[in-house]
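The block underneath contains the structure these notes are about, expressed in structure tokens.
Computed from heavy atoms alone, side chains included, the values below leave out hydrogens, waters and symmetry copies. Numbers restart at 1 for each chain; the letters A, B, ... are given by sequence-line order, proteins then strands.
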Number of protein chains: 2
Amino acid sequence: MKRESKTQYALLGILTQCEMSGYEIKKFIEESLGFFWNESFGQIYPTLKALETDRLVSATEIVSQENTKSKIVYKITKQGIVELKKWLEGSTSKSTLRNEFLLKLFFARNIDSKKLMEMINEEETRNLDDLKIFQSIKLNLNEEHKKHPDHRYWIFTLDYGIDCAKMTLKWLSKIKKEISNLS
Amino acid sequence: MKRESKTQYALLGILTQCEMSGYEIKKFIEESLGFFWNESFGQIYPTLKALETDRLVSATEIVSQENTKSKIVYKITKQGIVELKKWLEGSTSKSTLRNEFLLKLFFARNIDSKKLMEMINEEETRNLDDLKIFQSIKLNLNEEHKKHPDHRYWIFTLDYGIDCAKMTLKWLSKIKKEISNLS
DNA sequence: TCGCCCATGTAACCGGTTACATGATTTG
DNA sequence: CAAATCATGTAACCGGTTACATGGGCGA
């Protein structure tokens, strides 16, 4: 069984928005997919070059003007869209998830009870912060990008983040109660 | 910033249960941590050896008897427990999550609507299957291992899986409705 | 001038999976 | 007898991050 990186498809998908440089793609990922996907420059730049040699994207150098610096923008080609659709409509492999917090909780018998509470409180804060961010992004999305062709799908993924954070918060408060009742 | 594999801590944590061979550790992971952690033999065996040279575990060869095959069982040492606790009570880094389903959904404008529905239905089935498995494990855990010192923590992590699957199912049915209403 | 952001790139490294080899024992 | 499971191990490979280099522009 061979593995195949999904980085290429992430980049192709992003380039269905508009043409972008590697640097802009990185920013887009951080701002939009950050909570369920990420890529480093060490992946983005070489993958863009590989996509270009495969003719799935085309590169154009934008030369330095006043107020702008030179950059290389990439545009998805027809073949690129074909390849993207193949992946989109193909089977989805479940990602190998590794949750360090759950792993620690599984072994929590070995944690000092005070430290355990601290750990859970930190997780609570993290999720509360995430929730706030997601909700403010959703507000902004509904105000400024309502007409964007991808708007509904962006809301779908964002709602997942919101529901996930809310569920986790409920679960955390539940286990906090049980731990304080019984220890 | 250096990275440090968590595999060693996962193994140390598991060995707080009882002494086990590499093979048994693998089975334990699959049966108990499977939905939020996994390790391959290619990691387990070399890591066990490294833990042994660091004196965090001790190895004993169980020679072949009638009905049993020879195997090497590993036992956590006092230093091992110290190192485990250091990790447990240290800071928890959030794992880099990559959710292929969400990535596809984010780009779903490029998916044929019938195929999109199929994709969502598959995700629904996957979550329903997971939920059933988690619930049966929970039943079994409450019947057979109620007295186990780790019982409550096992239930906590399991409950997370259950709540997560339920939340995802709700969210999936919500987006299904919205897609069928508006397309 | 200093630090920050824009912008591109790559080499070294690491963590992990896959695929294989070996061989015993058990089960259908 | 074949297939599955028990049991250990490793080499090749891959995907990804980190850390670095380079250099221009811009604001404090």
Side-chain angles (χ1 to χ4, degrees), chain A residues 1-11 19-31 33-34 36-53 57 59-74 93-100 103, chain B residues 1-11 19-31 33-34 36-53 57 59-74 93-100 103:
Chain A
M1 202 191 305
K2 271 180 196 167
R3 284 168 294 168
E4 208 184 329
S5 173
K6 268 78 189 182
T7 296
Q8 43 176 331
Y9 302 115
L11 301 189
E19 46 182 66
M20 270 185 240
S21 68
Y23 194 83
E24 288 164 342
I25 287 171
K26 181 82 198 306
K27 272 211 305 180
F28 185 85
I29 290 171
E30 277 166 8
E31 288 164 7
L33 316 173
F36 64 88
W37 204 266
N38 67 314
E39 297 288 352
S40 61
F41 284 126
Q43 288 280 97
I44 292 171
Y45 286 115
T47 304
L48 282 172
K49 292 224 163 163
L51 288 173
E52 201 204 347
T53 55
V57 302
T60 314
E61 201 185 342
I62 307 286
V63 283
S64 179
Q65 311 278 31
E66 296 161 46
N67 301 330
T68 52
K69 273 161 260 177
S70 5
K71 59 181 174 179
I72 304 158
V73 293
Y74 293 87
S93 58
K94 66 171 197 303
S95 48
T96 29
L97 21 95
R98 277 190 150 196
N99 187 321
E100 194 179 351
L103 189 64
Chain B
M1 199 192 305
K2 271 180 197 167
R3 284 168 294 169
E4 209 185 329
S5 172
K6 269 79 189 180
T7 297
Q8 44 178 328
Y9 302 115
L11 301 189
E19 48 183 64
M20 269 186 243
S21 68
Y23 194 85
E24 288 162 343
I25 287 172
K26 180 83 196 307
K27 273 211 306 180
F28 185 85
I29 290 172
E30 278 165 8
E31 287 164 8
L33 317 171
F36 63 88
W37 204 267
N38 67 313
E39 297 290 351
S40 60
F41 284 126
Q43 287 281 100
I44 293 171
Y45 286 115
T47 304
L48 283 172
K49 291 223 163 162
L51 288 172
E52 200 203 347
T53 56
V57 302
T60 314
E61 202 186 342
I62 308 287
V63 284
S64 180
Q65 310 278 34
E66 293 161 49
N67 302 329
T68 54
K69 273 161 260 178
S70 8
K71 59 182 175 179
I72 304 157
V73 293
Y74 293 87
S93 58
K94 66 171 194 303
S95 48
T96 29
L97 21 95
R98 277 190 149 196
N99 186 322
E100 194 180 353
L103 188 64

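- Using a 4.5 Å cut-off on side-chain heavy atoms (C-beta onward), A:Tyr23 and A:Lys71 make no contact.
- Nearest to the side-chain atoms of A:Phe41 among the listed nucleotides C:dT8, D:dT8, C:dG16 stands C:dT8.
- Base engagement by A:Ser40 is indicated by at least one non-hydrogen atom pair under 4.0 Å involving a base atom.
- Put simply, B:Ser5 has a side-chain N or O that comes within less than 4.0 Å of OP1 or OP2 on C:dG16.
- Look at CD on A:Glu39: it is 17 Å from C1' on C:dT8, rounded to the nearest Å.
- A close approach under 4.0 Å does occur between a side-chain nitrogen or oxygen of B:Tyr45 and OP1 or OP2 of D:dT8.
- Nearest heavy-atom pair across A:Leu48 and A:Val57 is O-CG2, 3.9 Å.
- Under the 4.5 Å side-chain criterion, counting only non-hydrogen atoms from C-beta, A:Asn38 is not in contact with A:Gln43.
- Atom OH of B:Tyr74 and atom C1' of D:dT8 are 9 Å apart (whole Å).
- Nucleic acid contact for B:Lys49: sugar-phosphate only, since backbone atoms but no base atoms lie under 4.0 Å from a heavy atom of the residue.
- Within 4.0 Å of B:Gly42, counting heavy atoms only, lies at least one base atom of the nucleic acid.
- Taking side-chain N and O atoms only, B:Asn38 has a distance below 4.0 Å to OP1 or OP2 of C:dT17.
- Rounded to a whole Å, the NZ atom of A:Lys71 is 17 Å from the C1' atom of D:dG23.
- The residue among B:Glu24 and A:Trp37 whose nearest nucleotide of DNA chain D is located toward the 5' end is B:Glu24.
- DNA chain D is contacted by both B:Val73 and B:Arg98; B:Val73 maps to the nucleotide lying nearer its 5′ end (nearest heavy atom per residue).
- Summarising the geometry, the separation between CD1 on B:Ile62 and P on D:dT8 is reported as 11 Å, rounded to the nearest angstrom.
- Closest approach of A:Ile72 and A:Ala59 over heavy atoms only: CG2-CB, 3.9 Å.
- B:Lys27 comes within contact range of the sugar-phosphate backbone alone, with a heavy-atom separation under 4.0 Å but no base atom that close.
- The distance from atom CE of B:Met20 to atom P of D:dA7 is 13 Å, rounded to the nearest whole Å.
- Between A:Tyr23 and the phosphate of C:dC6, there is a side-chain N or O to OP1/OP2 separation shorter than 4.0 Å.
- In the set D:dT10, D:dT8, C:dA7, D:dT8 carries the atom at the smallest distance from any side-chain atom of B:Ile72.
- Between A:Thr96 and the phosphate of C:dG16, there is no side-chain N or O to OP1/OP2 separation shorter than 4.0 Å.
- Salt-bridge annotation for A:Lys6 and A:Glu39: absent, with no side-chain N of the basic residue lying under 4.0 Å from a carboxylate O of the acidic one.
- A:Asn99 is not listed as a side-chain neighbour of A:Leu103, based on a closest heavy-atom distance of 4.5 Å or more.
- If you take CZ of A:Phe28 and C1' of C:dA7, they are 19 Å apart, rounded to a whole angstrom.
- A:Glu4 places its CD atom 16 Å from the C1' atom of C:dT17, with the value rounded to the nearest Å.
- Residue A:Gln43 contributes atom CD, which lies 13 Å from atom C1' of C:dC14 at whole-angstrom precision.
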